[in-house]
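Report on one structure; see the data block that follows.
Whatever order the structure lists them in is the order used to number ligands and atoms, beginning at 1. Just so you know, residue 1 is the first one in the sequence shown, and it goes up from there. Any value given below was found using the heavy atoms of this structure, including those in side chains, with hydrogens, waters and symmetry copies removed.
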Amino acid sequence: MTGSPSDLPSVRELLSHAVDAVGGTEREGQVRMADAVDNAIRTGEHLAVQAGTGTGKSLAYLVPAIRHAVESDTTVVVSTATIALQRQLVDRDLPRLARSLKKPLGVEPTFAILKGRRNYLCLHRVHTGVEDEPEDTALFDQFAISRIGREVKRLHEWSSDTETGDRDELVPGVSDQAWRQVSVTAKECLGAGRCPVGDDCFAELARAEAGRANIVVTNHALLAIDALQDYQVLPDHDVTIIDEAHELVDRVTSAATADLSPAMVTAATRRCARLIDADIVDRLLETGEGLALMLEDALPGRLDVLPDALGGAVASVRDAAHACLTALGSERREDPEEAAKRKLARSALDDVHDTAVRLLDAFDDDPADRKDVVWVTGDRQGGSPRPPALHVAPLGVGGLLRERVFGTSTTVLTSATLALGGSFDTLARQWGLPPQPQRTENSAGSTGSAGSTGTATEKPPPSDSDTGPRWSGIDVGSPFDYRRNGILYVAKHLPPPGRDGLGGATLDEIAELIDAAGGRTLGLFSSMRAAKQATEELRDRIGHPLLCQGDDSTSLLVNKFAEDARTCLFGTLSLWQGVDVPGASLSLVIVDRLPFPRPDDPVASARQRAVEARGGNGFLTVAATHAALLLAQGVGRLHRSTDDRGVVAVLDPRLATARYGGFLRASLPPLWPTHRPDVVRDALRRLDAAAPA
Ligand code: SF4
């Protein structure tokens with residue numbers, strides 16, 4: 001893309017206008033980021049921007065994106081990982097920006113939100129009443145079946161009131177089982193051309209609106225589906241902005257993961273019953289039963305070798321699903337209800353068949369060349385048994401992103417955490433971008449390798465590609481004075497965390513820290529088991545209210561925690577990234593252990609092995625990267641506004657003593673470091689004394 005002279009005001013002028021309109025103040029990092037995004041759009045060179053909390057990064061990318069979209073009469077796609085950010089953009093930032101930029105741009109910029117087809121009510125299904133049988137009637141009691149029936153009835157009534165058909169606008173919501181009765185996936189959709197209500201279709205209307213909008217807000221899953229599928233999901237666009245980019249690889253991996261279970265095979269047989277010869281359907285049903293038998297004997301976990309018997313069962317499922325597909329025949333002229341039934345059947349059969357093929361292919365190559373990892377889940381024990389299933393996920397998504405995202409539009413990736421160990425290279429490799437340390441610009445504005453530790457390993461880990469799209473990285477810093485307002489305390493004197501839960505010394509340390517802080521503590525634990533153990537052992541001991549994730553809905557618990565400064569909240573993964581509590585309610589963040597993936601995590605362990613097979617250090621490249629991203633997110637819970645002060649206490653001494661500790665520390669905001677418990681407790685006591693009553 002080349003820049004062209006334009007009568008429109010510059011990005012800086014527009015940004016200043018927008019900041020004035022929302023009553024903010026100009027921030028240096030925000031201006032630098034807006035300039036960098038504008039430059040990326042003009043040159044077509046991809047950009048990674050690390051922008052700390054408080055930078056105002058959404059304005060910094062939205063303003064140049066809107067300017068470009070208006071100038072070129074085109075669409076810019078903005079993708080987020082979380083619904084919270086999606087809502088913030090669509091409900092708050094974009095309406096205010098659109099109003100404030102109308103005058104200087106001479107036209108009010110437009111925006112739209114686009115979700116996957118399954119999120120919209122399908123009018124054709126509502127009108128024709130084509131229902132899915134419950135997946136496994138035996139799993140639903142009569143009460144559940146009548147509840148689903150009531151919900152479906154409500155959805156039918158809602159279908160004539162709603163203007164968008166968007167599930168998120170239905171309050172109160174309904175169960176997934178009920179929603180599935182009135183929605184379709186993209187594969188199940190008849191296509192607007194064939195569908196008798198295609199002109200009124202909510203999903204089609206949303207797509208059309210998105211096609212006309214300057215800015216389309218979507219999520220990483222839909223971005224991944226757009227990249228994975230042969231059909232186009234997103235409107236034509238030449239610029240993609242990926243916010244919360246630290247989540248991109250995980251979200252794309254999830255979207256590219258496929259499952260195969262006996263229940264899915266059974267559901268496919270139900271869908272094609274009465275459409276094709278009963279013998280052919282029965283054959284598929286039998287292969288599903290055969291698969292269930294084989295999975296009974298399979299232990300949960302990663303499969304490095306496909307046992308012959310299990311492989312035979314999967315191959316039988318593949319062949320039987322193929323026979324059903326052949327019997328179903330190609331699409332033909334038929335009444336819409338019949339067409340919808342066939343479409344549902346075909347989609348379920350395709351899923352079963354294609355996943356079986358992929359599962360079998362995953363074991364074909366030399367282990368070093370494998371593209372996918374396969375694992376078994378299932379739990380026949382305990383109070384809530386999970387039926388067994390096979391899963392297949394990609395070992396890497398860099399090739400896909402390079403070809404289908406970076407290869408098709410100028411892409412800006414941004415987050416508060418992208419420069420791991422001070423360098424963008426670790427994540428860039430996962431995204432399929434070549435390493436480019438010489439071109440990386442750090443927060444001081446200089447060029448060159450941005451960090452002292454570079455990647456997690458001494459030598460660069462193997463990359464999907466050492467050549468590829470041009471990109472640059474920039475860290476615009478944060479307006480927060482982390483060193484002045486925060487302490488990183490690593491409890492070096494504690495023993496390293498063991499396998500048998502939290503030790504006595506660690507629990508004592510937690511109690512003493514909370515006591516010094518006067519409550520005000522967010523405990524981020526690496527497992528639910530540890531969070532519960534700490535809650536049980538400390539609830540009667542600390543003299544402050546203590547909430548644990550799972551006691552109630554997480555949002556309710558976070559609200560209670562924010563409202564009462566003395567209250568403490570303990571929990572696990574979603575709290576690491578999802579808590580936004582500025583002020584004196586949160587002065588202490590405790591991390592019990594470094595958040596490495598579990599050793600039995602099938603995807604992480606297979607990725608580690610793949611790196612090792614190519615000569616790299618798997619543990620450091622995969623596990624340390626994972627831990628660095630999550631730890632930085634956890635540490636980021638402390639400072640949510642410029643006035644926030646406090647302590648992050650990491651009770652895992654490996655952050656100070658292990659070889660990879662430097663890489664992890666260099667991935668965190670620059671808090672003032674100490675190992676001294678007395679210094680930290682004094683600081684917490686002073687903060688408690690100074691906090692508003
Ligand atoms: S076009 Fe597809 S999603 Fe829309 S109403 Fe028809 S079948 Fe449903």
Side-chain angles (χ1 to χ4, degrees), residues 112-135 148 151-170 173-213 216-219 221-226 228-236 255 267-268 270-275 325 328-351 354:
I113 190 164
L114 188 62
K115 305 173 184 179
R117 192 164 291 256
R118 181 115 256 178
N119 292 277
Y120 301 94
L121 193 90
C122 167
L123 283 175
H124 185 244
R125 265 196 107 169
V126 170
H127 289 171
T128 55
V130 177
E131 287 186 8
D132 243 354
E133 314 241 341
E135 289 131 42
I148 295 166
E151 287 177 337
V152 172
K153 187 163 172 279
R154 205 178 119 227
L155 285 166
H156 279 242
E157 287 158 9
W158 181 67
S159 70
S160 36
D161 295 338
T162 175
E163 287 182 7
T164 62
D166 182 343
R167 182 179 178 180
D168 288 338
E169 293 184 8
L170 179 70
V174 294
S175 63
D176 286 346
Q177 293 102 330
W179 185 259
R180 271 204 291 274
Q181 303 295 325
V182 295
S183 62
V184 291
T185 63
K187 269 195 204 163
E188 293 165 352
C189 166
L190 282 177
R194 288 186 74 201
C195 175
V197 286
D199 288 346
D200 299 322
C201 168
F202 293 123
E204 293 297 327
L205 293 176
R207 276 194 65 180
E209 196 187 339
R212 291 189 297 269
V216 170
V217 179
T218 189
N219 54 52
L222 204 62
L223 190 74
I225 291 166
D226 191 60
L228 281 162
Q229 304 297 344
D230 294 331
Y231 50 84
Q232 189 176 355
V233 178
L234 296 171
D236 285 337
R270 273 198 228 103
R271 283 189 176 186
C272 57
R274 291 191 294 276
L275 294 174
L325 280 164
L328 208 53
S330 53
E331 296 193 5
R332 57 185 88 144
R333 286 175 185 278
E334 56 203 341
D335 77 84
E337 191 172 335
E338 188 71 11
K341 282 183 182 160
R342 281 181 178 274
K343 199 80 188 183
L344 288 177
R346 178 171 293 283
S347 161
L349 289 167
D350 272 342
D351 281 349
D354 295 353

(message) Could you go through Ser175 and Glu151, starting from their C-alpha distance and side-chain angles, then the distance that decides it, and tell me whether this counts as side chain to side chain donor-acceptor pair (under 3.5 Å)?
(response) CA-CA 8 Å; Ser175 63; Glu151 287 177 337; 2.5 Å; yes
(request) Just jot down the side chain to side chain donor-acceptor pair (under 3.5 Å) partners of Asp236, sequence neighbours excluded, or say none. (result) Gln232
[X] vs [Y] side-chain heavy atoms within contact, under 4.5 Å:
{"X": "Gln181", "Y": "Leu155", "value": "no"}
{"X": "Pro235", "Y": "Leu114", "value": "yes"}
{"X": "Thr185", "Y": "Arg117", "value": "no"}

(request) Less than 2.8 Å from atom 6 (Fe) of ligand 1 is the window; count the protein N, O or S atoms in it. (result) 1
(request) Could you tell me whether Asp350 and Lys343 have a side-chain N and a carboxylate O separated by less than 4.0 Å? (result) no
(message) Looking only at protein heavy atoms, which one is nearest to atom 3 (S) of ligand 1, and what is the separation?
(response) Arg117 NH1, 3.5 Å
